[in-house]
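Step one of this worksheet: look at the structure below.
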Amino acid sequence: MPTSRDSARDDLVRVLKADPDLAEGLADDVAALAAHHAVAAVEHLPTGLWQPSRDRQPGHLGLLVLSGLLVRIVELAGGRSAELLGEGDLLRPWDEDDEFAVSASIEWSVIEPTRLAVLDRDFAAIVGRWPEVMDALLSRATRRSRSLAVNSAIGHRTRASDRVLLLFRHVATRWGRVTTDGIVVHLPLTHESISRLVGTRRPTVTTALGELADNGLLTRTADGSWVLTHEAAKIEI
């Protein structure tokens, strides 16, 4: 499988234009000024395994996902969990060496070509003039912790079909698009990747997806999108 160790940094991006929600707390004239000056390098990740740098970088705010989709997989004491990451998420892979008290392995997999804004020390020095932007970036980190807590709760459900349905309800709040047929989630999630996200085996997920489809709760379209029916979005689990 290809890796993206040698991913390119060959362009720049005005971060607050690419992700305008980061400037939400600023007045319009201030936001325009901040957007002009808040420039970062862009790192491009092809699909496949990604091996990010683990070198500590003082003053570096992190890597902001501008587009694409990644999965972060943690293997610990014989167990495995996974986290789905996409546009707007803030990553700091170099912090992970001290994260666990026992030995764990971390694997990053890029499942859609991904663009990352490199929020390095120079970027931090510039945006530090606008505390509202720093606050918005901190909120992104908090959002990840909340999402991980939801993932953990999903993984404790006994029935695999409940886990899968709850996972899609969770991701639909962020990546879903409401249509007359239900909430369309256009994510390239395979049975294998779903099994990682819900903490069970792939054959079990295949059976659970079949059950949900038979009950008219979750279906897949010809283009690979998932459709969570309106009933599935409201059903008590």
Side-chain angles (χ1 to χ4, degrees), residues 13 15-25 45 47 50 61-74 81-93 108-117 119 133 135-157 161-199 205 208-209 212 217-221 223-237:
V13 63
V15 175
L16 302 188
K17 288 188 176 181
D19 191 339
D21 288 347
L22 292 175
E24 195 174 57
L45 308 182
T47 56
W50 175 43
L61 298 178
L63 305 171
L64 179 68
V65 182
L66 300 174
S67 63
L69 204 65
L70 309 92
V71 175
R72 174 178 173 268
I73 303 163
V74 178
S81 67
E83 176 187 10
L84 190 64
L85 298 160
E87 182 177 335
D89 282 317
L90 188 63
L91 319 178
R92 290 173 56 92
W108 294 81
S109 180
V110 182
I111 59 178
E112 276 189 344
T114 296
R115 295 166 60 241
L116 304 175
L119 310 186
V133 177
D135 176 71
L137 287 168
L138 183 60
S139 292
R140 299 294 176 85
T142 304
R143 182 178 72 184
R144 273 190 69 186
S145 68
R146 290 198 304 266
S147 182
L148 283 169
V150 173
N151 286 353
S152 177
I154 290 172
H156 282 85
R157 297 301 297 241
S161 58
D162 287 349
R163 292 190 190 189
V164 173
L165 185 57
L166 286 169
L167 170 70
F168 275 94
R169 283 169 55 164
H170 179 44
V171 300
T173 61
R174 181 168 172 192
W175 285 287
R177 176 173 55 87
V178 178
T179 70
T180 54
D181 296 325
I183 304 173
V184 177
V185 180
H186 187 62
L187 293 176
L189 295 177
T190 64
H191 291 203
E192 178 65 28
S193 59
I194 294 169
S195 72
R196 291 175 174 178
L197 290 166
V198 300
V205 164
L209 287 169
L212 293 171
L217 300 176
L218 180 67
T219 59
R220 200 169 194 185
T221 63
D223 69 355
S225 298
W226 298 90
V227 181
L228 188 70
T229 66
H230 292 301
E231 180 186 354
K234 298 181 293 185
I235 193 171
E236 293 286 341
I237 301 178

[X] [atom1]: over 12 foreign heavy atoms closer than 6.0 Å:
X: E192; atom1: CD; answer: yes
X: H230; atom1: NE2; answer: yes
X: R177; atom1: CZ; answer: no

How far does [atom1] of [X] sit from [atom2] of [Y], to the nearest 0.5 angstrom?
X: R169; Y: I237; atom1: CZ; atom2: CD1; answer: 4.5 Å
X: T47; Y: I111; atom1: OG1; atom2: CD1; answer: 10.0 Å
X: L165; Y: H170; atom1: CG; atom2: NE2; answer: 13.5 Å
X: L187; Y: W226; atom1: CG; atom2: CH2; answer: 10.5 Å

Quick one: closest heavy-atom pair of A82 and N151, and the distance?
O-ND2, 3.9 Å

Do we see a donor-acceptor contact under 3.5 Å between the side chains of S225 and D223?
yes

Does R140 come within less than 4.0 Å of D19, counting only side-chain N to carboxylate O?
yes

Any non-hydrogen side-chain atom of L70 less than 4.5 Å from a side-chain atom of L45?
yes

Check step by step if side-chain contact (heavy atoms from CB on, under 4.5 Å) holds for L84 and L189.
CA-CA 10 Å; L84 190 64; L189 295 177; 4.2 Å; yes

